[in-house]
Every structure is written in C-alpha cells, then in structure tokens.
Protein chains: 2
Amino acid sequence: MSENQGVQSVDRALRLLELLSAHDEGVKLTDLAREAGLATSTVHRLLTTLEMRGFAQAEAGSGRWHVGRRAFEVGSAFTRQHHFVAPALPFLRRLRDRTHETANLGVIEGGEVVTLSQVESREIIRAISPPGGRAPVLCSGMGKAIIASWSDDAIDRLVARYGLRKITARSLFSPEAVQHEIAEVRMRGFAVDDEEYVPGLRCVAAVVWSPQGEAAFAISISGLATRMTPERVTECGGIVCELARELTAKLGGRAP
Amino acid sequence: MSENQGVQSVDRALRLLELLSAHDEGVKLTDLAREAGLATSTVHRLLTTLEMRGFAQAEAGSGRWHVGRRAFEVGSAFTRQHHFVAPALPFLRRLRDRTHETANLGVIEGGEVVTLSQVESREIIRAISPPGGRAPVLCSGMGKAIIASWSDDAIDRLVARYGLRKITARSLFSPEAVQHEIAEVRMRGFAVDDEEYVPGLRCVAAVVWSPQGEAAFAISISGLATRMTPERVTECGGIVCELARELTAKLGGRAP
DNA sequence: GTATACATTCCACGATACGGAAATTTTAGC
DNA sequence: GCTAAAATTTCCGTATCGTGGAATGTATAC
C-alpha cells in the first residue's frame, strides 16, 4: 500500500462508482476499464463486488453498468443529516413559483458547493446542477453567498487552498476580483453567478442563517442568461432574499 | 479471497457505508468496529480511505463518522436513471395537498420496494420510509400495487425466492393470504398496507404504467391508522388512482 | 460464417491489507 | 488538576488477498 493513499481496492471501487454516476445512460465494462485505467478482469471483479451489495447493477439485456439502489439508500443518509432540507422544500417551491425559475438549496463541502435539493421550473434546463451536483465555491452563486458571510482571512485561505478555476471566460480570475465580488455581495445582500460556471446560465443566491448566526446554507434560482437580464436579476435577488429571511425565521435562525 | 464473496476489503468498506447510513446522528469508530465485527485498526484504515474520496466524513469536534457528500452525489445518479422521478413530483405534491398525507413514489428492486421520492405532509411522521428507505414488497402498499399487475406465476416465484416476512401481527403470512390480497388489489384498483410493515401506519398505493403497459412504479400516501379509517382509505384510494392515471397519461404510459 | 469485441474465469506471484501491539490523544470521573 | 479508562492512530511482521495477463466463453458486426 503506497503511502497515504488508503486501501487500493477500496479506492478503485469508489472511483468506479464515481465514474458510473457520471454515466446516466450506463456504461460498458470495457469502456469503464479504459476510463479507469484498469484491467478488465480487475474492473469485473470490483464491479461484481459492488453489485453483490447493491451499489452497482448491470442492466439486463444491454449489460451496461449503473449505480445501484444501495448507493441511493446510503447517499440519502447524507441529506438526512441536514435536517433543514425537508422543511426548506416548501420555500424552494414558493421561490420557483414566484420566479418561474429552478430553485436550489446547497451547502459548502470542501472547496465546492453541493446541491442538496431542487425544485425545477416548467422548463427543464439540463445545464443546471442536479441534486448531488457540485460546483467550485467561487463559480457559484450559492458559494459566493455563503462565503460573503466569512471573514476576509477565511476567504483568503479558501482561495489559497483551492485556487481559482477559470471555467468560463467570466469566472473570477484573481484574488482582487474575488475581494471586489465579495464586497458587491455584501452590499447587495445576494450573490450572482454571472455565467461563471456555465455559459448562458445565471444564478441568484442568498444565505439562510443558523441559530448561531452562521450561514448554514444558501438558496438560489437559476435561469438562462437571455431571460435573466440585469433588471430581472435585481428583481429575483429581492425575492430570493425575502424567502431566505422567511426560511431563516422558520428554522429559528438569525442573521448576525 | 474466499469463493464468490468478491473483494474482501471492498465488501467491508461498503458494509461500513451501510452502517454509517443507519446512524443519522453519526457513530464513533470503536462502536462501528464492534458493529462490523472488525478490528479498530482495520475500520480506521477503511474509513480514512472512504474519507479520502468523500464518501465518509468525521465530524469536527465529536469525531463521529457520517456518510459523506460523494455518497450523496453518486447515489443521486440512481434517481436520475429513473427519468420519471422529476416529472412525477408535481403529482406527488397534488396528492399530498388533496389527502393531507405524506405522498411517496417507489419502485421494486430485488424483493424490496425502494422509496425514490417523497413529499411530506405538514405532520412529519418519522415511521414513514424516507427516500432511500426500503420495505419488503409484500408488506408495502406500493409493492403490492406493482405485483398485482404481474402474472400469478411471477408472484409465486417472488414469494418462493424472498419468502414472507412477518414483521407485524398483520403482515401477510401465507401464500394463500397473498393470493387473496392480490385479488383484492386487482378488484379495487389500489393496494393497502394495513399496518403490515409499521404498526399504526396505513398506506394506499396505485401503479403508474409505462408506455409498454407495464407497472413502472407506484405512488402512495401514508398516514396514521387512527386517521386512516376504512372510509378514508376508500376515499384516498380513489384520489391516488386518479393521480396515478393522470401521471400515466402525462408520461405517455398506458394501462394494459 | 468469420472476425472482432466484450465479458468472464483462471492462476502464479508479489504486494497489500490485516489485526495485534504500542503509542498517542481524548474523555470521564473525582 | 490529576489519573484512569477509553478511543483513536500508528506501526509492523506475516500470509492472504488482489492483481493483470492469458485463456476461455459469449455477443456483436459485417
């Protein structure tokens, strides 16, 4: 076992699970082996072990492999740890109904925002991160909304640790740009992802506070940039903030 | 590696994930080792491997271990494979709004029903299976609704393969009881879990059909038996059936 | 029907994963 | 604050396990 890399076969199996989850339509064993850089016999053995416990399954007929239901069962435990996900759902729905855009709820984990819950608008936009999806904190409306509540030192440490990823032409590219952006968020009370993660997509987010006065999580709406004009962003920002305040109150939270 | 048991360390790691998911408030390493029947050093090594890939995480402060966000991300892929989960959500909401009970959507996987989606009523009843939760097919309203569309031979094979588990005093206990129950479901058009899985809890379910005329999944409502009187069950059965028919139509399905 | 690709099984070998022991850290009780 | 107990983390010798290449079996494409 090489230094600090954990148990090799477990690491490999988890890697295969991650790859499976990236293939919504399933993937053939040989292709998976190629993607993972492993021998087909190794991948076969690891997959059948995952299958035995229900974490992976082979589709009858095509033989393509998929994430299995035990992965869903285990993964659901993650959201159950966040007791706010269920009570937040009616607020996401109202947010969606008032803005006619997809409403999201997310938290920061590591240097990324994870979408925990979502209520889609009538128009389903595939580019929007689904539940389980993630984005770098600094390319995400929800991420920027949450870290705007942090100290400047803490933000600098995040930037130093995870860096700045230039995913689109509009991604934040320098520590100065980050500082300027965070100042904007603090002034406005909401954050905007202005095509920084996905070209053509805008997102408006605000934080929900915990009883301890910390930014527990964020809620947001996402929509096409063609529709989300600057005027519309301001309007939606007000709505997101209003519902974030109501949800804070509902959960017994308080802004600092 | 003993015969037909897959890769030992992978199997163990997955076992640990399952155990973590059963502890919503987290679990200490020593307790987990005891539960898994493994040495603490082994569990430590496996947990840190899971942690490296984000499938498990140790809670700062208490040191208790939890399912990590990558498990949620991977697990979410499972519901994305079921393209009907998202479009079904508005119907679950309407079902909840009309009956004032918790609405659920589930599929059969193995000899069990897995809850894929849920819209809770105002009164949160902890005994109801959350998303990711599972119940034996023959103790579940959704399970019985789905298999009532199968041939008698297929039902007999299910019973033979998975058996009948007497979980409560009211669980189905014999193949004859199963046959009688299935006949009732077919006659009524909906299934009822009459405290067969959880004492004090009733559930009314109907199937949603696929374009191929097969029972794709089921939707249901669950409520306390004190409130779900026989009259109420009949009333709710009609509503569940109505919404199941509408959802079938919406998804381009057809009853056989 | 044949060639190719994919999936599955086998097996020799060496590296890895194991668990007990020891060391370190944390917690509980007084 | 001190001490004992419990929990966690690290170390290490050993033998079992996991590996990938080869062989075999099955499915697919032409």
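Here is the naming used below: chain letters follow the sequence lines, and residue numbers restart at 1 for every chain.
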Fill in: Near-strand residues of residues 9-17 of chain B, defined as heavy-atom separation under 4.0 angstrom from DNA chain C
B:Ser9, B:Arg12
Worksheet item: Hey, does B:Ser140 have a side-chain heavy atom less than 4.5 Å from the side chain of B:Tyr197?
Response: no
Discussion item. So which atom in B:His83 and which in B:Pro87 form the shortest heavy-atom distance, rounded to 0.1 Å?
Written reply: O-CD, 3.1 Å
Fill in: N/O donor-acceptor pair under 3.5 Å between B:Arg69 side chain and A:Val114 backbone
no
Worksheet item: So, does A:Ser149 use its side chain to make a donor-acceptor pair with the main chain of A:Ala145 at under 3.5 Å?
Response: no
Item to complete: Give each stem of DNA chain D as a range with a range, requiring at least 3 consecutive Watson-Crick or G-U wobble pairs whose two distances are under 3.5 Å.
Response: C:1-30 with D:1-30
Practice prompt. Send over the distance from B:Leu46 CG to D:dT8 C1', rounded to a whole Å.
Written response: 15 Å
Anything under 3.5 Å between a protein N or O and an N or O of nucleotides 21-25 of chain D, put it in a table, one pair a line.
from	atom 1	to	atom 2	distance (Å)
D:dG21	O6	A:Ser41	OG	3.0

Response to the item:
Expected list for residues 26-38 of chain B near DNA chain D, using heavy atoms below 4.0 Å, is B:Lys28, B:Leu29, B:Thr30
Practice prompt. For A:Ser117 and A:Leu105, indicate whether the former's side chain and the latter's backbone hold a donor-acceptor pair under 3.5 Å.
Written response: no
Worksheet item: Between the main-chain N or O of B:Ser129 and the side-chain N or O of B:Gln118, is there a donor-acceptor pair closer than 3.5 Å?
Response: yes
Discussion item. Do A:Val43 and A:Leu46 have side chains that approach each other closer than 4.5 Å (heavy atoms only, starting at C-beta)?
Written reply: no
Worksheet item: Got more than 12 heavy atoms from elsewhere within 6.0 Å of OH, A:Tyr162?
Response: yes
Fill in: Heavy-atom side-chain contact between A:Leu138 and A:Leu158 under 4.5 Å
yes
Worksheet entry | Integer-rounded Å distance: C:dA17 C1' and B:Leu47 CG | 15 Å
Worksheet item: Quick one: do the B:Asn104 and B:Ser220 side chains pair a donor with an acceptor below 3.5 Å?
Response: yes
Practice prompt. Check for a donor-acceptor pair, side chain of A:Arg186 on one end and backbone N or O of A:Ala148 on the other, with a separation under 3.5 Å.
Written response: yes
Worksheet item: Excluding sequence neighbours, so at least two apart, what forms side chain to side chain contact (heavy atoms under 4.5 Å, CB included) with A:Ala22?
Response: none
Worksheet entry | Length of the line joining B:Gln8:CD and D:dT16:P, which is rounded to integer Å | 11 Å
Worksheet item: Are any of A:His44's side-chain N or O atoms less than 4.0 Å away from OP1 or OP2 of C:dT8?
Response: yes
Discussion item. List the residues meeting salt bridge (charged side-chain N to carboxylate O under 4.0 Å, His left out) with B:Glu18, not counting sequence neighbours, and say none if there are none.
Written reply: A:Arg53, A:Arg70
Worksheet item: B:Trp65 has an atom CH2; how far is it from atom C1' of D:dT9, in whole Å?
Response: 11 Å
